[in-house]
Structures are given as structure tokens and as C-alpha cells.
Amino acid sequence: QSKLFNAIVRTFTGSLFNDLSCEVKIFSRSIMEDIQLYGTMYRFLPIVAAQKGFKCKEVKCAHYQERGKKGFYSLSEYVSRVIDILTLYFNTGFSRKPLRFFSTIGAVFVAVAVIILLFIVAQKLLLNYPIGNRAELLLALFFMVLGIQTASFGLLGEIITFTHSQGRPDYIVEKVI
């Protein structure tokens with residue numbers, strides 16, 4: 001299960017780290033002062049540090065005493081890890097541009113609505129089916145509204161990100177010469 005977890009994280013983030021579940025992590029003080037973590041995101045410290053521009057290296061170490069629970073965990077543990085991976089994916093790829101993330105999802109919903117509407121119109125024109133009393137029309141309207149609302153969340157996130165991050169650079173200066 002650890003190999004599967006690490007493979008999923010590598011797929012979503014593009015990182016080359018092999019064992020994020022290892023409890024041994026060594027960082028310099030400057031890295032820890034510049035990184036803000038919350039919840040159980042400590043597992044992903046190397047990925048977050050690399051995303052901030054720090055140089056990270058994975059070194060194999062021997063675990064002399066295996067501690068913790070062995071075997072499979074509860075379903076809630078797996079759900080929380082999936083949520084952590086999705087949070088990491090969003091934070092590493094879209095924290096500065098949430099409109100791209102949410103508008104993509106919104107565009108998929110709107111595309112589904114358009115396909116359903118085209119199907120309804122084609123049935124009306126070719127087979128002379130009535131339009132007004134069909135459940136597919138409500139489904140298309142539902143997807144249309146859902147897509148617009150999802151894209152609106154992205155726009156709100158973009159506005160919030162723009163107003164709150166004006167003073168923060170996207171990078172960290174290592175040394176001023």
C-alpha cells in the first residue's frame with residue numbers, strides 16, 4: 001500500500017521521490033520557515049519544498065525498528081490520504097491560478113449539457129419528439145448551471161488569490177549578491 005500511495009503521488013505531482021511515507025525527514029531551518037503546512041500535509045514536505053524552489057534530495061536510510069500499525073488501515077484513513085493527494089495536486093499546480101482548474105471542470109459540465117441539448121434538438125428535428133416535458137432537458141439545464149457555478153468558484157478564487165498575494169513572490173531568493 002505504501003508503493004501504491006507513492007506511485008499515485010508521483011503520478012499527480014510529477015515528483016521523483018520514492019518513499020514519502022518515511023518518517024525520517026531532514027530540512028534546514030530556512031526551508032521550514034518558508035513553508036506553511038497544515039493538517040497531515042507533513043508527508044509531502046519534500047514535494048512542497050521542491051515546488052517552492054528549494055533543492056531536495058532523497059537519501060536511503062535503514063529503518064531499524066518498524067513502528068506503527070502494520071497491514072491495512074481503515075477506510076477513513078484511505079479517504080483522508082486521497083483527499084491529501086488531491087489537496088497537494090491543487091496546491092502545487094493551481095494555488096496561484098484556481099480559475100484554470102475550476103473553469104476546466106466547469107467547461108466539462110457545460111460540454112455535457114450541450115451534448116444533451118444537441119441530442120434533444122436532433123430528436124425534435126428528425127423524429128418530431130416534444131421537448132418541453134422531457135427529463136433530459138432538466139438534466140441538461142442542471143449540468144449547465146453546475147458548470148457555470150463551478151467556473152464562478154474559480155473566478156472567485158482567482159480574485160481572492162490576486163488580492164491576497166500581491167506582496168508575495170512566487171519564488172524565494174537564495175542569496176543576494
Side-chain angles (χ1 to χ4, degrees), residues 1-21 31 34-56 58 73 75-125 131-132 134-173:
Q1 62 191 358
S2 179
K3 288 181 182 181
L4 178 65
F5 168 74
N6 288 308
I8 292 171
V9 170
R10 278 194 304 272
T11 302
F12 272 92
T13 63
S15 73
L16 300 175
F17 296 108
N18 292 316
D19 190 13
L20 291 171
S21 300
I31 293 174
D34 288 334
I35 293 177
Q36 297 174 351
L37 293 176
Y38 55 91
T40 57
M41 297 300 288
Y42 64 89
R43 296 182 203 282
F44 309 110
L45 268 171
I47 295 173
V48 174
Q51 189 248 345
K52 289 276 191 180
F54 292 105
K55 296 174 187 169
C56 297
E58 185 173 29
Y73 297 100
L75 181 63
S76 64
E77 181 71 26
Y78 291 111
V79 170
S80 68
R81 286 203 181 173
V82 167
I83 291 171
D84 287 344
I85 291 170
L86 292 175
T87 302
L88 178 71
Y89 174 70
F90 183 80
N91 284 342
T92 56
F94 300 101
S95 63
R96 294 287 194 177
K97 44 191 182 288
L99 183 61
R100 291 183 187 176
F101 178 77
F102 287 107
S103 63
T104 303
I105 295 172
V108 168
F109 286 140
V110 169
V112 169
V114 168
I115 290 170
I116 294 171
L117 285 174
L118 288 175
F119 177 72
I120 292 171
V121 169
Q123 282 186 335
K124 173 65 177 171
L125 294 176
I131 290 180
R134 301 193 53 193
E136 293 91 355
L137 182 64
L138 288 175
L139 186 65
L141 290 174
F142 170 74
F143 276 116
M144 187 71 71
V145 169
L146 188 63
I148 292 170
Q149 283 184 338
T150 305
S152 298
F153 286 141
L155 183 61
L156 287 174
E158 194 82 19
I159 292 169
I160 291 169
T161 301
F162 178 75
T163 56
H164 287 359
S165 66
Q166 285 182 335
R168 285 191 206 154
D170 290 338
Y171 52 86
I172 297 172
V173 177

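Hydrogens, waters and symmetry mates are skipped; everything else that's a heavy atom, side chains included, is used.
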request  = Output all residues satisfying side chain to side chain donor-acceptor pair (under 3.5 Å) with Ser76, sequence neighbours left out; order by chain, then residue number.
outcome  =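 Once residues adjacent in sequence are excluded, the partners of Ser76 under the side chain to side chain donor-acceptor pair (under 3.5 Å) criterion are Ser74.
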query = Can you find a heavy atom in the side chain of Ile85 that is under 4.5 Å from one in the side chain of Phe44?
reply =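 Yes; the side chains approach each other to less than 4.5 Å.
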request  = Would you mind reporting whether Val48 and Leu88 have side-chain heavy atoms less than 4.5 Å apart?
outcome  =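 Yes, close enough: below the 4.5 Å cut-off.
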Could you pull out all residues at least two apart from [X] that satisfy side-chain contact (heavy atoms from CB on, under 4.5 Å)?
X	result
Leu118	Val114
Leu117	Leu137, Ala140, Met144
Gln149	Val145
Ile160	His164

Could you tell me the separation between the [atom1] atom of [X] and the [atom2] atom of [Y], rounded to the nearest 0.5 Å?
X	Y	atom1	atom2	result
Ile159	Leu99	CD1	CG	9.0 Å
Ile120	Ile115	CD1	CD1	12.5 Å
Arg81	Leu86	CZ	CG	14.5 Å

inquiry  = Tell me which pairs pass side-chain hydrogen bond (donor to acceptor under 3.5 Å, both in side chains) where either residue lies in residues 100-123, with sequence neighbours left out.
reply    =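 Sorted pair list: Gln123-Arg134.
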Heavy-atom closest pair, residues [X] and [Y]:
X	Y	value
Cys56	Ala50	SG-N, 3.7 Å
Val110	Gly147	CG2-CA, 4.0 Å
Thr150	Phe102	O-CB, 3.3 Å

inquiry  = Suppose we screen for ring pair (Phe, Tyr, Trp, His ring centres under 6.0 Å). Which residues come up paired with Phe101, at least two apart in sequence or across chains?
reply    =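 Once residues adjacent in sequence are excluded, the partners of Phe101 under the ring pair (Phe, Tyr, Trp, His ring centres under 6.0 Å) criterion are Phe90, Phe94.
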key: Listed partners of Phe162 passing ring pair (Phe, Tyr, Trp, His ring centres under 6.0 Å), at least two apart   =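 Once residues adjacent in sequence are excluded, Phe162 has no partner under the ring pair (Phe, Tyr, Trp, His ring centres under 6.0 Å) criterion.
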